[in-house]
Novice: 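Structure in structure tokens, see below.
Quick caveat, the model's predicted, so the values are computed rather than measured.
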Amino acid sequence: MPALVALMAKDRNRDVQTACMMALAKIGRSPPDVDLDALFVERLARDDQEVRETAALALGVAGRAAALPTLLALVRDEPAGRKLCQRDEVGDRTRAFAAYGLGLFARQSDDPAHKRAAHDALAAVLAAKQPGGRDLRAAAANAMGLLVDPTQGRHRRLAWQCVDELLAWHDRDLGSGDEAIQAHAPVAIGRLLGRGDTTAHRRCKERFVAGLTAADKRANAMVQSYALALGMLALSPEEAPADADGARALQACALQGVDLLARRFATMSLGRIGGEANRQWLLTASQRVNKNQERPWFGLSLGLVAARAAAAGDPDDLLARALADDLAAASNVESRTAFALALGLTGWQPALPLLRDFLRENEVQETAGGYACVALALLGEGSAAPLLGEVLERSARRPFVLLQAAVGLGRLGDADATSKLVAMLERSDSLAVL
């Protein structure tokens, strides 16, 4: 921390300032001679918007109780917030990042009063008769989705209240231009509730299925959000038979949806939900869709299904073999890259030679080579480490391949990775390498 504080005092460069603030915020503790909150607050008045908004965000990331009044004053555009920013009003972007900070702060806190104060400020933004800018309202909706961690049992009443308020805001007729902003509500609800089958879950799932299947659909962004939210909320049909309606709605969207992005989100959501019925449908449907445009997305979705089996120590051989066949049959490198990633997710060790060959063939291609490294790392086979090490040393001029090879070595726990990385740092001034 002293080195980061000293660097901030010495170098006013925007990237240095914001990187140091986020690093200090993630550490979140102050040495005896440093007032961390004051360090962030004094940058709220800087002449650089990115520095101002990062300072607001850092106050929330650090999660220190003393920052709550400052974040509230910024979000509400109160006189105290304006004074800290040295402006006649707190700018919308600074307020937006303070809202994100408020959500992150409240998520870390177990104090009901802190969560309530954050909720009240965020809900007021969405309920205002004179709404703020689009950035601010999107931030408020997303931050409300952060207030309660669904994996913890406490604060469920607040989560249910947030769900009701987000649904009410989602339903308001604010005009077609605002539907892309209201589309943040279903995903925020997905974060609040997580996967489950409570009354609140069922009510939201029914609403989103209805939105996904309605003949007179709202904006594309809203349809995309329904597809994503169902992937966060629904259980497999085997676990919750009522969720078969959600699976069918996602399946119809994946094959026949008008919006291409919504179709892809629906495909991936089926993989996130998983279950035998979804697995079988994805396998069958993948053989009927466009080979180069749609099938790679079905492959990635099947990879998510297979990842569960791999995590349980029982790799899905049938699914892995189907993905291996798709990798061999795909005719363009983008499609093959998707199937390679999916195959890596399966944890199926016989895939090692296929993925090793794919990396060797595509190492010189920036994107495909990088993702080939990712696929090998996902597979989790330690014998792939020497090849990744060789690729690392040859990739000083290919930043994405270099990055993914380095991360892959770390994931595989290669004992030689540190010495290789340090050696590269010592002999290179390339920013990409550093």
Novice: Donor-acceptor pair, Q182 side chain versus W169 backbone, under 3.5 Å?
Specialist: yes
Novice: According to side-chain hydrogen bond (donor to acceptor under 3.5 Å, both in side chains), does anything in residues 70-81 pair up with another residue at least two apart or in another chain? List the pairs.
Specialist: D77-R82
Novice: Using a 4.5 Å cut-off on heavy atoms from C-beta on, say whether the side chain of F339 contacts that of L343.
Specialist: no
Novice: Would you check, one step at a time, whether the test side chain to side chain contact (heavy atoms under 4.5 Å, CB included) holds for K420 with E390?
Specialist: CA-CA 10 Å; K420 290 174 182 173; E390 294 170 14; over 6 Å; no
Novice: With a 4.5 Å heavy-atom cut-off, do R203 and V163 have their side chains touching?
Specialist: yes
Novice: What residue pairs, at least two apart or across chains, pass salt bridge (charged side-chain N to carboxylate O under 4.0 Å, His left out) with a residue in residues 18-40?
Specialist: D37-R64
Novice: Could I get the full list of ring-ring contact (aromatic ring centres under 6.0 Å, His included) partners for Y371, not counting sequence neighbours?
Specialist: F400
Novice: Could you tell me which non-hydrogen atom of L126 sits nearest to which non-hydrogen atom of A140, and how far apart they are?
Specialist: CD2-CB, 4.0 Å
Novice: Can you tell me how far CG of N220 sits from CG of L260, rounded to the nearest 0.5 angstrom?
Specialist: 10.5 Å
Novice: Using 0.5 Å steps for rounding, measure from the CG atom of L147 to the CZ atom of R191.
Specialist: 12.0 Å
Novice: Please confirm whether the backbone N or O of G60 pairs with a side-chain atom of Q108, one donor and one acceptor, at under 3.5 Å?
Specialist: yes
Novice: Can you name the ring-ring contact (aromatic ring centres under 6.0 Å, His included) partners of H170, sequence neighbours left out?
Specialist: Y226
Novice: Could you list the residues that satisfy ring-ring contact (aromatic ring centres under 6.0 Å, His included) with W160, not counting sequence neighbours?
Specialist: none
Novice: Measure the CZ-CG distance between R95 and L136 for me, rounded to the nearest 0.5 Å.
Specialist: 4.5 Å
Novice: Give a yes or no answer on whether the side chain of S301 reaches the backbone of G271 with a donor-acceptor pair at less than 3.5 Å.
Specialist: yes
Novice: Compare every heavy atom of G299 with every heavy atom of A342, then report the nearest pair and how far apart it is.
Specialist: CB-O, 3.1 Å
Novice: Under the salt bridge (Lys or Arg N to Asp or Glu O under 4.0 Å) test, which residues partner R295, sequence neighbours left out?
Specialist: D326
Novice: Enumerate the side-chain hydrogen bond (donor to acceptor under 3.5 Å, both in side chains) contacts for residues 40-49, please, sequence neighbours excluded, ordered by first and then second residue.
Specialist: R14-D48, Q17-R43, Q17-R46, Q49-R52, Q49-E53, Q49-T94
Novice: State, to 0.1 Å, how close L250 and L212 come at their nearest heavy-atom pair, and which atoms those are.
Specialist: CD2-CD2, 3.8 Å
Novice: By salt bridge (Lys or Arg N to Asp or Glu O under 4.0 Å), which residues pair with R156, not counting sequence neighbours?
Specialist: none
Novice: Whether the side chain of S30 engages the backbone of L36 through a donor-acceptor N/O pair (distance < 3.5 Å, no angle test) should be reported.
Specialist: yes
Novice: Hey, is the main chain of A306 close enough, under 3.5 Å, to the side chain of T346 for a donor-acceptor pair?
Specialist: no
Novice: Does D429 have more than 12 heavy atoms from other residues, nucleotides or ligands lying within 6.0 Å of its CG?
Specialist: no
Novice: Can you confirm whether R394 is buried at CZ, in the sense that more than 12 heavy atoms of other residues, nucleotides or ligands lie under 6.0 Å from that atom?
Specialist: yes
Novice: Is a donor on one side and an acceptor on the other found under 3.5 Å between the side chain of D11 and the backbone of L7?
Specialist: no
Novice: When rounded to the nearest 0.5 angstrom, what is the spacing between CG in L409 and OG1 in T418?
Specialist: 9.5 Å
Novice: Distance check, rounded to the nearest 0.5 Å: F97 atom CZ versus L59 atom CG?
Specialist: 13.5 Å
Novice: With the side chain counted from C-beta on, respond yes when T337 and T367 share a heavy-atom pair under 4.5 Å apart, and no when they do not.
Specialist: no
Novice: I'd like to check V90 versus L44 (side-chain heavy atoms, cut-off strictly below 4.5 Å). Are they in contact?
Specialist: no
Novice: How close do A375 and A340 get, counting heavy atoms only, and between which atoms?
Specialist: CB-O, 3.3 Å
Novice: Run the side chain to side chain contact (heavy atoms under 4.5 Å, CB included) test on V148 and C162 for me, step by step, so that the C-alpha distance in whole Å, both residues' side-chain angles and the decisive distance to 0.1 Å come before the verdict.
Specialist: CA-CA 9 Å; V148 177; C162 289; 5.8 Å; no
Novice: Could you go step by step and tell me if V5 and M8 meet the side chain to side chain contact (heavy atoms under 4.5 Å, CB included) rule?
Specialist: CA-CA 5 Å; V5 172; M8 288 180 74; 5.7 Å; no
Novice: When rounded to the nearest 0.5 angstrom, what distance separates CG in L392 from CG in L402?
Specialist: 5.5 Å
Novice: When you measure from the side chain of N332 to the backbone of S335, do you find a donor-acceptor pair of N or O atoms at a distance under 3.5 Å?
Specialist: yes
Novice: Given side chain to side chain contact (heavy atoms under 4.5 Å, CB included), test V289 with W297 step by step and report yes or no.
Specialist: CA-CA 10 Å; V289 297; W297 289 92; over 6 Å; no
Novice: Do P150 and R195 come within less than 4.5 Å of each other through their side chains, counting heavy atoms only?
Specialist: no
Novice: Short question: side chain of S109, backbone of F105 - any donor-acceptor pair under 3.5 Å?
Specialist: no
Novice: If every non-hydrogen atom of G369 is compared with every non-hydrogen atom of V401, which pair is closest and at what distance?
Specialist: C-CG2, 4.0 Å
Novice: How would you list all residue pairs meeting salt bridge (charged side-chain N to carboxylate O under 4.0 Å, His left out) that involve residues 97-112, not counting sequence neighbours?
Specialist: R107-D149, D110-R154
Novice: Report yes if some heavy atom in the side chain of L4 is under 4.5 Å from a heavy atom in the side chain of I27; otherwise report no.
Specialist: yes
Novice: Is the closest side-chain heavy-atom distance between L102 and L68 below 4.5 Å?
Specialist: yes
Novice: Could you tell me whether the side chain of Q404 reaches within less than 4.5 Å of the side chain of R398, counting heavy atoms only?
Specialist: no
Novice: Sub-3.5 Å donor-acceptor pair from the side chain of Q86 to the main-chain atoms of A45, do we have one?
Specialist: no
Novice: Please identify each residue that fulfils salt bridge (Lys or Arg N to Asp or Glu O under 4.0 Å) with R207, with sequence neighbours left out.
Specialist: D171
Novice: Among residues two or more places apart or on two chains, list those pairs meeting salt bridge (charged side-chain N to carboxylate O under 4.0 Å, His left out) that have a residue in residues 230-254.
Specialist: K205-D243, D245-R248
Novice: Locate the shortest heavy-atom distance separating L282 from L302; write the atom from each residue and the value.
Specialist: CB-CD2, 3.5 Å
Novice: How would you list, by chain and number, every residue that makes a salt bridge (Lys or Arg N to Asp or Glu O under 4.0 Å) with R87, sequence neighbours excluded?
Specialist: none
Novice: Check whether any side-chain N or O of S225 sits under 3.5 Å from a backbone N or O of A221 as a donor-acceptor pair, and report yes or no.
Specialist: no
